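Encoded as structure tokens, the structure appears first; notes follow it.
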Amino acid sequence: MPVVPFVRARRDETNDLPVVEIETPVPLAPRAEPEHDAGAPAETAKPKFGLRGKVAAIIGALTLPIIAYFGAAVYSHEIGDDLEFPQDTRTLWTAPWAGVSAMLLEREYADHGWSPGAANWSPRGRLTAMPAYQSALVEALAEHTELTSKQASMNDEPDPDLAAAARLLSGAPGKDQLRAAREAFVSFDGRARRRTAQTIILPSQLAERLDLAARWSALSADELVDMSHAASGTPFDGDATEAVYRAKARAYAAHRLISAVDHPYESDAHEARARALSALAAASEFSPLFVINGAADGWPAGSHTAAMAGLIADAQRELARYSAGVRRIDATSADQSLEASL
């Protein structure tokens, strides 16, 4: 039995009163144990949430879906700017530029997902970068395909497969239209393998394709300059983000399509070609985390729209030089043909 020991006390020196000593310790009553049924499960302690806990739970329940939605939006927006894609086009395709067009389309609707056709509530359709990039990329492919359909014409009629692909890619195509356009490129390449389609590219035709890429650069430059004049200085300017990524997509399309066309001519245009591809590559790989549309000479944020406009201007200038060099080759060839016929 537990007891409380009492220490023998001394006389209180303050008031000189005697202190009573207890000879026998006082026993303590044993602690009563609660009755518990051996067969019943033990009760667990229930947590008690105060006002702070309830408020934290409510805030967590509200913010968690927002964080998850934003994470899904970032995860689903993969900008395809790989300058090595697609590989092995010269060994797999008779017309490499047609193979590049077909494989770019397949990558966007099959691998990355077609963002312009996504629902408004979908994470894929909410960020401005991916839908703007894909739309501009397909628009560029549509214009290039329309031009090549005329260049590959036979009997003064545009090539039927390329003309069909151009129609499918125009406007606001969906996944089905992109898939059908890819099949049209495959059909054209099959005919090229059987030598029933025109695949020869004359210097003048190459120059026309370069001029088209230069017009894309001019269009991008105009959009970027307009955005820089309306500088907001914030990293969440949707219009500026769209302008930057449209320019990026056009530069990427130009780089991949020009790279797929050989330049067999012995001239100084080889160096101009290398400079043009280098300038297009710089614009294609420009990818800031957030597009800041500040003053061009601002510090510390600066302006991504102004920086992209400078890269696009370089590409436009080099494309014009490359086109001029190819046209000189065409003029020389024409003069030589004329002299041979005289």
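Bear in mind that the values here come from a model prediction, so they are computed numbers and not experimental data.
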Quiz item: Are L202 and V326 in one and the same hydrophobic cluster, where Ile, Leu, Val, Met, Phe, Trp and Tyr link if side-chain heavy atoms are under 4.5 Å apart?
Solution: no
Exercise. Using a 4.5 Å cut-off on heavy atoms from C-beta on, say whether the side chain of V138 contacts that of E108.
Key: no
Practice problem: Check whether L311 and L224 end up in the same hydrophobic cluster, where Ile, Leu, Val, Met, Phe, Trp and Tyr are linked by side-chain heavy atoms less than 4.5 Å apart. | Solution: yes
Exercise. Kindly give the heavy-atom pair with the smallest separation between M154 and T196, and that separation in Å.
Key: SD-O, 3.9 Å
Quiz prompt | R179 side chain near R182 side chain, heavy-atom distance below 4.5 Å | solution = no
Quiz item: In Å, rounded to the nearest 0.5 Å, how long is the span from CG of L178 to CZ of R107?
Solution: 13.0 Å
Practice problem: Consider only side-chain heavy atoms of I, L, V, M, F, W and Y, link residues closer than 4.5 Å, and tell whether V261 and L319 are in one cluster. | Solution: yes
Quiz item: Between L212 and E143, what is the shortest heavy-atom contact and its length?
Solution: CD1-OE1, 3.7 Å
Quiz item: Nearest 0.5 Å, what's the OG-CG distance between S149 and L147?
Solution: 7.5 Å
Quiz item: Can you tell me if R273 uses its side chain to pair, donor with acceptor, with the backbone of Y322 under 3.5 Å?
Solution: no
Practice problem: Say whether W114 and I79 are linked into one hydrophobic cluster, either directly or through other cluster members, by side-chain heavy-atom distances under 4.5 angstrom. | Solution: yes
Quiz item: In Å, rounded to the nearest 0.5 Å, how long is the span from CZ of R256 to CE of M103?
Solution: 10.5 Å
Practice problem: Inspect the contact between R250 and E223 and indicate whether a charged nitrogen and a carboxylate oxygen are less than 4.0 angstrom apart. | Solution: yes
Quiz item: Counting N and O atoms only, with roles assigned by atom type, does the side chain of T148 sit under 3.5 Å from a partner on the main chain of T145, one being a donor and the other an acceptor?
Solution: yes
Quiz item: How long is the gap from OG on S204 to CD1 on I329, to the nearest 0.5 Å?
Solution: 11.5 Å
Quiz prompt | A213 to I258 - nearest heavy-atom pair and separation | solution = CB-CD1, 4.3 Å
Self-check item: Lys/Arg-Asp/Glu bridge criterion (N-O < 4.0 Å) met for R275, E271
Solution: yes
Quiz item: Going from NE2 on H255 to CG on D81, what distance comes out if it is rounded to the nearest 0.5 angstrom?
Solution: 11.5 Å
Exercise. Check L141 against S101 and note the closest heavy-atom contact, atom names and distance.
Key: CD2-OG, 4.1 Å
Quiz prompt | Short side-chain to backbone donor-acceptor contact, S220 and W216, under 3.5 Å | solution = yes
Practice problem: Would you tell me whether Q205 and Q151 have side-chain atoms, one donor and one acceptor, within less than 3.5 Å of each other? | Solution: no
Self-check item: N-O pairing of R193 and D189 below 4.0 Å
Solution: yes
Practice problem: Please confirm whether the backbone N or O of F290 pairs with a side-chain atom of H304, one donor and one acceptor, at under 3.5 Å? | Solution: yes
Self-check item: Electrostatic pair R327:D211 at N-O distance under 4.0 angstrom
Solution: yes
Quiz item: F185 vs W97 aromatic rings, parallel, tilted or perpendicular, using cut-offs 30° and 60°?
Solution: perpendicular
Quiz item: Which pair of non-hydrogen atoms, one from A260 and one from V100, has the smallest distance, and what is that distance?
Solution: CB-CG2, 3.8 Å
Output side-chain donor-acceptor pairs under 3.5 Å for residues 277-288, partner residues at least two apart or in another chain, one line each.
{"residue": "S284", "atom": "OG", "partner": "A251", "partner atom": "O", "Å": "3.4"}
{"residue": "S284", "atom": "OG", "partner": "Y252", "partner atom": "N", "Å": "3.2"}
{"residue": "S284", "atom": "OG", "partner": "L280", "partner atom": "O", "Å": "2.7"}

Practice problem: Look at the side chain of Q177 and the backbone N and O of G174, then say whether any donor-acceptor pair between them is shorter than 3.5 Å. | Solution: yes
Quiz item: If you look at every heavy atom in A142 and L169, which pair is closest and at what distance?
Solution: CB-CB, 3.6 Å
Practice problem: May I ask you to test the W93-R90 pair for a side-chain heavy-atom distance under 4.5 Å? | Solution: no
Exercise. Would you please test R209 and L257 for side-chain contact (heavy atoms from CB on, under 4.5 Å) and show each step?
Key: CA-CA 9 Å; R209 300 187 188 190; L257 292 170; over 6 Å; no
Quiz item: Rounded to the nearest 0.5 Å, what separation is found between the CG atom of L210 and the CD atom of E318?
Solution: 12.0 Å
Quiz prompt | Partners meeting side-chain hydrogen bond (donor to acceptor under 3.5 Å, both in side chains) with R167 (sequence neighbours left out) | solution = none
Quiz item: Do side-chain atoms of S153 reach the backbone of K150 as a donor and acceptor pair under 3.5 angstrom?
Solution: yes
Quiz prompt | Name of the residue among N293, T305, I292, V291 meeting side-chain contact (heavy atoms from CB on, under 4.5 Å) with T241 | solution = V291
